[in-house]
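As the structure lists them, so they are numbered: ligands from 1, and atoms in each ligand from 1.
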Amino acid sequence: MLDLLLRNAVTPDGEPVDIACQDGRIVEVGPNLQGDAAETVDAGGHLVTPPFVDSHFHMDATLSFGQPRVNQSGTLLEGIALWGELKPHLTVEAIKQRAHDFCKWAIGRGTLAVRSHVDICDPRLLAVDALLEVREEIKPYIDLQLVAFPQDGYLRDPDAAGQLDRALDKGVDVVGGIPHFERTMQHGADSVKALMEIAAARGLLVDMHCDETDDPNSRHIETLAMETQRLGLQGRVAGSHLTSMHSMDNYYVSKLIPLMAEAGVAAVSNPLINITIQGRHDTYPKRRGLTRIKELVAAGIDVSLGHDCVMDPWYSLGSHDMLEVAHMAVHAAQMTGMAEIRQMFDAVTTVAARTLHLEGYGLDKGDKADLVVLQAASPFEAIRLRPARLFVIRAGKVIVRTAPVTAELDLNGERSTVDFTLS
Ligand code: FE2
């Protein structure tokens, strides 16, 4: 007997399907499937997708908004300073509590895989210990990948190198970095080289905060791509943020993007955060400060999107909705063509899964039975409406149900309903 039979759904490519699940895997996909199932779910002709994937987040800082005070300037640098004020007062219990509260929001929105950076610039490594425990505790529901992130600079903080090694020894999954926060351009490049060598020696993936600045001379992505090639790490490295690319000279970018493509370096953009943090030193016109999503995608580079922050020193808003992230990318990067809107849906699903090297991700036979049914007919409508996650399914079990959103109107005695789709 099947564990679950999802009936009457439509894939992102528009194919009507039923999906049969057993022992945590998809065992059959096709029209009008037969068979007894412990649970049958009628998708009502709505869109089914593999779960949303957040490829860039900070779970150690989430839901700490206002502690100990609010970011007044709205800049990245004040956010880092503010986090530095909070760090000495952190406890494992408080970090875990906030992380678990956050995970419930993520699950409720159908996000079942998260790559979270964890700050290792704390001699106690409290956040590392806390999030390693959360990673195990939340495993039945979320695939949580942790990145060793030297927030205060791998070279700039004299203790960071030792602490990063200890964090990796404890089981943190991915090597991080922040070259633009080092003291000089040379130190930034040196930090990239050192961190890439650690990743190569340990056989780990890499995801660095890279060039998160409006300074067009911040070119650490170039070093990251060259080191990827030198060490044979193609397909295993991501550059997060890459906002300086927004301000770079077009001629230089025409050399840089092919280098990134050749090196197989993925890009991770965080549009909610960078549209608010970047350009703060500008008068008018104010730069948007997002990386060149359109050009990177056109060059065949994997571009995924991250939420980055929810209610923390850098960003006061958010409820962890990856469709909100994709919606902002569509607007701020002008990805408004029909194919481009679909690419932004893929940037929070399939492309992000590839960047994170997730196993068994997808809607094919043999993939994990992790599914989300949205109150929408297509990826286009999903981004337009950011609709209810009617069902979130993990390992063949329904773990979230959300009532469809329908507004009931009473217009001068004439009653009707709207769900914001074209009837
Ligand atoms: Fe970040």
Side-chain angles (χ1 to χ4, degrees), residues 53-65 71 74-84 86-87 98-99 102 106 111 114-121 127-128 131 144-154 160 164 167 172-182 188 191-192 195 205-214 218 220-221 224 237-246 266-278 280 289-291 293 303-318 320 322 325 328-329 347-348 352 355-356:
V53 178
D54 184 353
S55 39
H56 188 113
F57 197 69
H58 294 263
M59 211 181 274
D60 47 4
T62 194
L63 307 191
S64 67
F65 176 64
N71 185 335
T75 59
L76 172 71
L77 294 181
E78 186 176 343
I80 293 175
L82 221 165
W83 173 240
L86 176 57
K87 253 196 278 191
R98 288 191 281 98
F102 162 79
T111 303
V114 177
R115 174 179 275 182
S116 173
H117 297 253
V118 51
D119 184 5
I120 57 88
C121 290
V128 169
L131 291 189
L144 174 57
Q145 206 174 72
L146 298 176
V147 186
F149 174 48
Q151 172 76 78
D152 299 334
Y154 182 68
L164 187 123
V172 170
D173 308 279
V174 179
V175 176
I178 186 165
H180 56 276
F181 194 68
E182 304 292 353
S191 78
V192 171
L195 290 160
L205 302 177
V206 176
D207 190 336
M208 289 195 202
H209 283 67
C210 196
D211 303 322
E212 189 181 7
T213 160
D214 297 315
S218 188
H220 298 298
I221 180 58
L224 190 67
V237 175
S240 276
H241 294 289
L242 304 175
T243 56
S244 72
M245 287 182 71
H246 184 94
V268 180
S269 178
N270 301 296
L272 289 174
I273 306 315
N274 288 129
I275 198 71
T276 50
I277 275 183
Q278 305 309 131
R280 290 277 181 162
L290 259 60
T291 195
I293 291 176
V303 177
S304 60
L305 303 174
H307 209 301
D308 202 4
C309 306
V310 169
M311 301 191 75
D312 71 7
W314 297 272
Y315 187 65
S316 58
L317 304 171
H320 204 261
M322 293 310 297
V325 176
M328 179 57 77
V348 293
T355 295
L356 268 62

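Using the six-membered ring where Trp is involved, H209 and H117 have ring planes that are perpendicular, over 60° apart on the 30 and 60° scheme.
For the pair V310/F65, no side-chain contact is recorded, criterion being any heavy-atom separation below 4.5 Å from C-beta on. Between T291 and V303 the shortest side-chain heavy-atom distance does not fall below 4.5 Å. Using a 4.5 Å heavy-atom cutoff, the side chains of I80 and Q151 are in contact.
Results of the side chain to side chain contact (heavy atoms under 4.5 Å, CB included) test with W83 over D60, D312, N71 single out D60 as the only residue that passes.
Around the Fe ion (ligand 1), the protein atoms of type N, O or S found under 2.8 Å away are H56 NE2, H58 NE2, H209 NE2, D308 OD1, listed by chain and number.
E78 pairs by the salt bridge (Lys or Arg N to Asp or Glu O under 4.0 Å) definition with R69, not counting sequence neighbours.
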